[in-house]
Structure formats: structure tokens, C-alpha cells
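The block underneath contains the structure these notes are about, expressed in C-alpha cells.
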Amino acid sequence: RITGTGLVGIGPSPPGSNLSIVSGLSIGANYGVAAPSNGAIIQGNVGIGTTTPGGIFQVSKDATYAVDTGAALRLSNVTVPSKMLAAGYDNTIDASYIQSLQSGSAYKSLLLNPSGGNVGIGTTTPFGKLSVSVTGANTQALILNNTTADDTVPSLGAYGGKFSMLTNGGYGLIAGT
């Protein structure tokens, strides 16, 4: 059905937008496949913000981590929509980010594997609750930083194959054989 104002409706009466479909929607070469009730089934890649999605689902946006409204992807709470997980790639700092927040008010805690499992950084086989794997000589695996200019904040890692605890002012401890 097409209304006098140009709105198209399949199922609804009257249509509420330019294209309104009630029940289900199938898109793609296998359009004859039944869609889920009140849902959609899409064959092929889907892009938002791009005409050439490189995977099943791609969202493209110039994002900024410092502004919660600048995220490329926002997963929000239904009851309190301002509570969300924001993610994107900030080209200004050349890095991806994930941030848990309540928009406009506060940053929130981010839980990784709260029900169990291990987390790996630089490894595909974490052997503990947090496994950090680094390569190369004199590479620090963990740096604790308090953003002040003093040299009392330690970093932990390996130096010459030995455990080291370092400060910005020099070595504090090197242990090993």
C-alpha cells in the first residue's frame, strides 16, 4: 500500500515511516526463506556507514574516545539508555577503545569474563586469570602509571631474561640468574 504522501506499508495500516513492514523481512538471494516473527533475516554483509562492508557486520564512523557521543558502536541499557558500552577507533590517537559509561555523567566499571575464564593480552592461550605475553628484549609486560611526573611508579617486566621492577629514575630491582 502506498499512501498519498508517498509512505509505503506492507502489513501496517497506515504506514508510520517511508517504508513500514509488519511481521518479518527477508533480504538476499534466498529471499524465500521465512524471516523470524517480527524480525529480519539478511543474507550477505551488512554495512552501516559504509557501502563496502568487509565482514558480516561493519559499522564505520569517525569516532573519538573522549566524547561518549562519538562512539562508532553503542550498546545501551533499555531501562536507562544513557548506561552503555561505547567502542570505536579514534584516528586522532590511532587506537581502538572500549569504554563503559553513563553518558554525560560518569565512567563505569568494565567487567571482562565476570563469570569465569582467563584474559590474555598478546597471547591466544592465557594460562592464568590475566596473562600478558610480550616479545623482544627489555620489553616491560606491565607498567603501573599514576600520570604524575615523579619517578616512583614501577613497571614490571623482563630485562635481559630476568625479572625486573623499574622506575622512571632507573632500575629498582633485577632478579634472576
For Leu110, the side-chain contact (heavy atoms from CB on, under 4.5 Å) test, sequence neighbours excluded, returns Leu85, Ile98, Ser100
Contacts of Ser76 meeting side chain to side chain donor-acceptor pair (under 3.5 Å) (sequence neighbours excluded), chain-then-number -> none
Across all chains, not counting sequence neighbours, the side chain to side chain donor-acceptor pair (under 3.5 Å) partners of Ser17 are Ser20
For atom CG of Asp62, decide whether the heavy atoms of other residues, nucleotides or ligands shown that lie under 6.0 angstrom number more than 12.
no
Taken in chain and number order and not counting sequence neighbours, the residues that satisfy side chain to side chain donor-acceptor pair (under 3.5 Å) with Thr79 are none
With sequence neighbours left out, the residues meeting side-chain contact (heavy atoms from CB on, under 4.5 Å) with Asn113 are Val119
By side-chain contact (heavy atoms from CB on, under 4.5 Å), Pro53 pairs with (sequence neighbours left out) Asn45, Thr50, Gln58
Could you see if Leu7 belongs to whatever hydrophobic cluster contains Leu19? Use Ile, Leu, Val, Met, Phe, Trp, Tyr and a side-chain cutoff under 4.5 Å. no
Open item on the list: I'd like to know if Leu73 and Tyr107 are part of one continuous hydrophobic network [Ile/Leu/Val/Met/Phe/Trp/Tyr, side-chain heavy atoms within less than 4.5 Å].
Closed with: no
Sorted by chain and number, sequence neighbours left out, side-chain contact (heavy atoms from CB on, under 4.5 Å) with Ile93 holds for Tyr65, Asp90, Ala95
Those residues at least two apart in sequence (or on a different chain) that pass side chain to side chain donor-acceptor pair (under 3.5 Å) with Asp94 are Tyr89
Using a 4.5 Å side-chain heavy-atom cut-off and chaining through intermediate ILVMFWY residues, the residues clustered with Val78 come out as none
